[in-house]
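Input: a single structure, listed below in structure tokens.
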There are 2 protein chains.
Amino acid sequence: MNALIQKLERRARLLDEEKAFLADACQPPRKVSAGEDIIRPGDTPQASTLLIEGYTARYGTFDDGRRQLTALHIRGDFVDLHSFLLRTMDHGITALTPCTIAQVPHTTLKVITEQWPHLARVLWLDTLVDGAIHRQWLVSLGRRPALGRLAHLFCELSVRFSLVGLDDRCFSFPLTQSTVGDMLGLSTVHVNRVAQELRAEGVITWRGGRVQIEDWAGLTRIAEFDPMYLQLASDPV
Amino acid sequence: MNALIQKLERRARLLDEEKAFLADACQPPRKVSAGEDIIRPGDTPQASTLLIEGYTARYGTFDDGRRQLTALHIRGDFVDLHSFLLRTMDHGITALTPCTIAQVPHTTLKVITEQWPHLARVLWLDTLVDGAIHRQWLVSLGRRPALGRLAHLFCELSVRFSLVGLDDRCFSFPLTQSTVGDMLGLSTVHVNRVAQELRAEGVITWRGGRVQIEDWAGLTRIAEFDPMYLQLASDPV
DNA sequence: CGAGGTCTTGAAGACGATCAACAAACGTGG
DNA sequence: CCACGTTTGTTGATCGTCTTCAAGACCTCG
């Protein structure tokens, strides 16, 4: 919850009443174990899920079992704020690690749009930043070579962790190379090879479920990273 | 304008007052010629642009000039509704063909969020469907082979045109193969080759700036197309 | 009629996938 | 705390898809 508010306040000032209302809206936190589906494609959830701790991902699947992850969530992210209006989910959401989540009923979100228009705009903005991240991923998958794709992912995560008050140059990353492959549209083997290349360049270490960025300038150069899309400016909305 | 309302009403019922307010919000239409930028990266527009006729696209560029299109808009699409809250644009929007556009001032959009909460939710939903399309494109770029990518694009366009009342099995498509390559993350040469393959399969004809779908079942099979993500159900929001 | 853009075709090469095998790390139960 | 099985990471070899380069055909529009 605090992580969410901290992130939202990087983009717009919130009134104390708004923060209090948002905090009250959350149902008690719940644990989810790794590999469990939080939402299955076709579900029509009655509440939106806020990620308190852990990693979750959105995914689409093919008949033959191959999958593509379309988003990666960290603490403070609303993993399915869009289910409030989208109703039936066109994709699933899975817990990549053990997670703590809290739910906000859709009825409460509706009240926000009726009675707290400013807060509603801030939440709308949050879904729009989600879209901006999607666009960057599209650029990655469409035009960036494998090495740049992995580098870009780490750049993005570093900035996103800094928004929720975590050390951004060294963060927990207990995902398998196979999962990363499903995210970047690469095979597991190739993820392994480009990871080694990043290590050989000396820009990161990635071991034991942790990533440490050793050379930020070098990493951003390889990734051609420009953080503008993460909307760090704090404007009234 | 009518196209927008027609599309929105496929997802939620609108009151006559809401439709009237939305129609009044539009400034007089304006022509834009092919190749012209409607928005440049870094711009902070004071109005959102509605596409009345033609094709526009969102794009990201690299230093070396290569580009990746991240969205394709047809008539009835709000090409940058998100600029209302996102403020400074992280990407550009270009007219791929001669276009007619109309603008809606951000101040008016703000009034909608303050005084027309239901209409605001419908517009929010529209940006969420945008996100759903992004996710499908991510799946395409990440995991679909070139043939399936092109087939999927035509499936999506067919459904989207049907939502705005156009013949969906035969639509105007005056884009170059190079532009399609920038959309699908492919080289021009390869777009040419997979297009010929789709023709050879007898599922489409694509000539003289028009696409005709000859075998919908075959096309959707090649694309592994599932239209769920376009949110065709009409629910109260 | 000419010129520039677009489409088409061929050949060579690169990047990443797939297959296969082994090593290392992890977790679980004895 | 160790043994064992399973998952994850690593490496090599081969293969396929798509890219790049190059050149010629077609088309459109002044």
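Scope of the values below: all heavy atoms of this structure, side chains included, with no hydrogens, waters or symmetry mates. To find a chain, count down the sequence lines: A is the first, B the second, and so on, and within it residues start at 1.
To the nearest angstrom, P of C/dC15 lies 13 Å from CZ of A/Arg149. A straight line from CG of A/Asn192 to P of D/dT11 spans 7 Å, rounded to a whole angstrom. Distance A/His190 NE2 to D/dG9 C1': 16 Å, rounded to the nearest Å. Taking atom CZ of B/Arg207 as the reference point, atom P of C/dT8 lies 11 Å away to the nearest angstrom. As rounded to whole Å, 16 Å separates atom P of D/dT17 from atom CZ of B/Arg143. One atom, CZ of B/Arg66, and another, C1' of D/dC18, lie 14 Å apart when rounded to the nearest Å. The CG-P distance, from A/Asp182 to D/dT8, rounds to 12 Å in whole Å. For B/Arg210 and D/dC27, the CZ to C1' distance is 19 Å, given to the nearest whole Å.
The number of heavy-atom neighbours closer than 6.0 Å to CG of A/Asp215, taken from other residues, nucleotides and ligands shown, is above 12. Counting non-hydrogen atoms of neighbouring residues, nucleotides and ligands closer than 6.0 angstrom, the CZ atom of A/Arg40 reaches no more than 12 such neighbours.
Within the nucleic acid shown, B/Gly185 comes within 4.0 Å of sugar-phosphate atoms alone, with no base atom in reach, counting heavy atoms only. A/Ser187 comes within 4.0 angstrom of a base, heavy atoms only.
Using a 4.0 Å cut-off, no side-chain N or O of B/Gln177 falls inside it from OP1 or OP2 of C/dG5.
A perpendicular orientation is assigned to the rings of B/Trp216 and B/Phe225, their planes being inclined by more than 60° (bins at 30° and 60°). Ring geometry for A/Phe84 versus A/His106: interplanar angle of 30 to 60°, hence tilted.
Picking from D/dG9, C/dT8, C/dA17 the nucleotide with the shortest atom distance to the side chain of A/Leu186 gives C/dA17. Looking at the side chain of B/Val189, the nearest of the listed nucleotides C/dC7, C/dT9, D/dT11 is C/dT9. Side-chain atoms of B/Gln196 lie closest to C/dT9 of the nucleotides C/dT9, C/dC19, C/dG16. Candidate nucleotides D/dT8, D/dG12, C/dT6 were compared by shortest atom distance to the side chain of A/Arg193, and D/dG12 ranks first. Considering only the side chain of A/Arg199, D/dT10 comes nearest among C/dT18, C/dT8, D/dT10.
A donor-acceptor distance shorter than 3.5 angstrom exists from the side chain of A/Gln46 to the backbone of A/Thr44, with no hydrogens or angles considered.
Salt bridge annotation for A/Asp182-B/Arg143: present, with a cationic side-chain nitrogen under 4.0 angstrom from a carboxylate oxygen.
Under the 4.5 Å side-chain criterion, counting only non-hydrogen atoms from C-beta, B/Val129 is in contact with B/Arg11.
One axis for each end of the helix from C/dC1-D/dG30 to C/dG30-D/dC1, each built from five base pairs, and the angle between them comes to 50° at 10° resolution.
Comparing A/Gly208 and A/Val194, the nucleotide of DNA chain C nearest to each residue sits closer to the 5' end for A/Val194.
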